[in-house]
J.: 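Pasting a structure below so you can have a look.
Lettering follows sequence order; numbering is per chain, from 1. Atoms considered below: every heavy atom in the structure, side chains included; atoms not considered: hydrogens, waters and symmetry mates. Computed from a prediction, not measured in an experiment: that's the story for all the values here.
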Amino acid sequence: MIYRTIEIPIKGLFNEQECLWFLSRGYDDCLYRVYPDRVRRAFQSGTEQMLVDIYPLPDRLVVNWLTAEPSEQGEDHIRDFLNGWFDLEIELEVFYQKLSFYPELAYMTTQFRGLRFMGMPDLFEAFAWSIIGQQINLPFAYKIKRRLVEHYGSLIDYQGDRHYLFPSPESVAGASINDLKVMQLSGRKIEYLMTMASEITDHKLSKKILYALPDFAGRLKYLTSLRGIGQWTANYVLMKSLKERSSIPHGDAGLLNTLLRHHIITDKNDGAAIEELFRGFSGWESYLVFYLWRSLAPDPNSQ
DNA sequence: TCCCAGGGCATCA
DNA sequence: TGATGCCATGGG
């Protein structure tokens, strides 16, 4: 039974298969399920919980509500979320023009054509995920994330499957330190995670507060003043959650590896070459990072 | 056993 | 301002 269907039009290049592939790409993300033609995810808006199927098509997203008719606010919440998740308002042509100037990178304009920056619209989820992922490998990070979500997140039971929502900052702020340790979070990371949860529940930090700061540099400065948030995490959260186009998570292990692989740098301390590259992508730095990360994974079409 | 992994902090010169 | 050590643990 489908309770409501909406269609969200997409302007410009959009490769639905690349985006679906990115969502699965071999990792175990507990917040959605990817099928060949759609992704299923649970959402919460206020006290309203919703489960929807999202069908990405070349020119639009089709969204079906599976458990109940949404309220007007619920529908708006999902429209906003999808806009951030699939980066629906970007026009990629300018980025591809810039890529085409670089012989080592030009292949991306065809191989990854239509791939949008896959965001993480929920601010607390973005902070929690970036803190969890600091300095550990991704499979382990996804394991910890699943433990956290299954313990502190609420869920929608649908046709025998559990669809989890990311834990609220309130539930994490009130968590027991011992319970978090059992999940194999380090003492430092527990401290950072609870700091961020408290900042948000105390209304000291929100997307609105960050947007109200004068510019990107101001947002970076504010975030890096918080305990546990360094340059990497601040840039990661700003690009994933606030769609900051000029973010570069400096020092990122994957980024440095892919720059080596593309022969843009010859050693990981070659900051000048990195700066030189990103200077050519002004306003598109985070897109370049995202495409470089994408290139680390095998091409799904060649498997 | 060793090194790396989608870092950050404290300390010290 | 930059270098070093430490945290913490899975995975190759």
Side-chain angles (χ1 to χ4, degrees), chain A residues 21-31 85 112 115 117-120 122-149 166 177-199 205 219-244 246-262 264-265 267-272 274-275 277-278 285-298:
Chain A
W21 177 83
F22 179 85
L23 290 174
S24 52
R25 71 190 161 121
Y27 294 117
D28 171 40
D29 198 306
C30 54
L31 293 179
W85 197 12
F112 307 145
L115 173 64
F117 187 104
M118 301 303 292
M120 202 173 280
D122 182 83
L123 186 66
F124 179 57
E125 182 192 333
F127 276 116
W129 175 234
S130 57
I131 289 167
I132 291 169
Q134 288 172 359
Q135 192 59 17
I136 58 173
N137 60 65
L138 277 176
F140 184 41
Y142 277 102
K143 270 189 196 172
I144 295 176
K145 177 180 173 182
R146 177 174 283 281
R147 290 175 189 147
L148 190 74
V149 167
F166 198 78
I177 290 176
N178 277 337
D179 286 350
L180 292 171
K181 276 200 167 153
V182 169
M183 295 175 187
Q184 291 182 283
L185 276 161
S186 69
R188 280 272 172 81
K189 287 187 181 180
I190 292 170
E191 187 189 333
Y192 301 162
L193 194 57
M194 298 189 92
T195 298
M196 299 315 297
S198 301
E199 288 284 321
L205 181 63
R219 289 187 270 277
L220 259 188
K221 189 175 176 187
Y222 179 70
L223 287 182
T224 52
S225 73
L226 299 169
R227 189 161 172 75
I229 310 301
Q231 283 291 327
W232 180 87
T233 309
N235 276 291
Y236 184 89
V237 168
L238 287 175
M239 71 159 70
K240 292 292 271 188
S241 199
L242 277 79
K243 293 202 274 189
E244 173 55 62
S246 293
S247 277
I248 306 167
H250 291 286
D252 180 82
L255 177 60
L256 292 171
N257 283 333
T258 181
L259 290 173
L260 282 172
R261 203 182 286 185
H262 283 87
I264 289 164
I265 57 175
D267 76 88
K268 291 184 177 180
N269 294 317
D270 194 353
I274 297 173
E275 198 179 320
L277 172 69
F278 279 104
E285 291 91 335
S286 61
Y287 251 89
L288 177 58
V289 171
F290 187 69
Y291 270 55
L292 286 166
W293 278 339
R294 167 65 183 86
S295 73
L296 285 167

J.: For A/Q184 and C/dG11, give me the distance from atom CD to atom C1', rounded to whole Å.
T.: 13 Å
J.: C1' atom, C/dG11 versus B/dG8: distance in rounded Å?
T.: 22 Å
J.: Looking across every strand, which nucleic acid part, if any, lies under 4.0 Å from A/T233 by heavy atom: base, sugar-phosphate, or nothing?
T.: sugar-phosphate
J.: Ignoring hydrogens, what is the shortest heavy-atom contact between A/I265 and A/L260? Give both atom names and the distance.
T.: O-CD2, 3.6 Å
J.: Between B/dG7 atom P and A/N235 atom CG, what is the distance in whole Å?
T.: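 Distance check: A/N235 CG to B/dG7 P gives 13 Å.
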J.: If you restrict it to nitrogen or oxygen atoms, what contacts under 3.5 Å exist between nucleotides 3-5 of chain B and the protein, and what is each distance?
T.:
from  : atom 1 : to     : atom 2 : distance (Å)
B/dA5 : OP1    : A/N257 : ND2    : 2.8
B/dA5 : N7     : A/Q135 : NE2    : 2.9
B/dA5 : N3     : A/Q135 : O      : 3.4

J.: Looking only at heavy atoms, which two atoms of A/A128 and A/F166 are closest? And how far apart?
T.: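 Smallest interatomic distance, heavy atoms only, reads CB-CZ, 3.5 Å.
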J.: Nearest heavy-atom pair of A/K145 and A/W129: which atoms, and what distance?
T.: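 So the two residues come closest at CD-CE3, 3.7 Å.
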J.: On DNA chain B, nearest-nucleotide positions of A/G133 versus A/R227: which is more 5'?
T.: A/G133
J.: What's the CZ-P distance between A/F140 and B/dG7, to the nearest Å?
T.: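 Taking atom P of B/dG7 as the reference, CZ of A/F140 is at 14 Å.
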J.: Rounded to whole angstrom units, what separation is found between the CG atom of A/L226 and the P atom of B/dC9?
T.: 10 Å
J.: Shortest non-hydrogen contact from A/A234 to A/L220?
T.: CB-CD2, 3.6 Å
J.: Can you tell me the distance, in whole Å, between the CH2 atom of A/W232 and the P atom of B/dC9?
T.: 13 Å
J.: Counting the atoms with a prime plus P, OP1 and OP2 as sugar-phosphate, which does A/I229 contact under 4.0 Å by heavy atoms, base, sugar-phosphate, or nothing?
T.: sugar-phosphate
J.: Would you kindly compare A/P139 and A/Q134 by the position of their nearest DNA chain C nucleotide and give the one closer to the 5′ end?
T.: A/Q134
J.: As a quick check of understanding, evaluate side-chain contact (heavy atoms from CB on, under 4.5 Å) for A/L288 and A/L277, giving each step before the final call.
T.: CA-CA 10 Å; A/L288 177 58; A/L277 172 69; 3.9 Å; yes
J.: Of all the heavy-atom pairs spanning A/L123 and A/S241, show the shortest one and how long it is.
T.: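 It is CA-OG, 3.5 Å.
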J.: Check whether A/Y27 forms a cation-pi arrangement with A/R25 (NZ or CZ under 6.0 Å from the six-membered ring centre, at most 45° off the ring normal).
T.: no
J.: Quickly work out the A/F127 CZ to B/dG8 P distance and round it to whole Å.
T.: 12 Å
J.: Atom CG of A/L223 and atom P of B/dG8: how far apart are they, to the nearest Å?
T.: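 Distance, rounded to whole Å: 12 Å.
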J.: Please examine the side chains of A/Y192 and A/M196, heavy atoms only from C-beta on, and report whether any two atoms are closer than 4.5 Å.
T.: no
J.: Which heavy atom of A/I229 sits nearest to which heavy atom of A/L223, and what is that distance?
T.: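 Minimum heavy-atom separation between A/I229 and A/L223: CB-O, 3.2 Å.
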J.: Under 4.0 Å from any atom of DNA chain C, heavy atoms only: list the residues of residues 185-194 of chain A that qualify, in numerical order.
T.: A/S186, A/G187
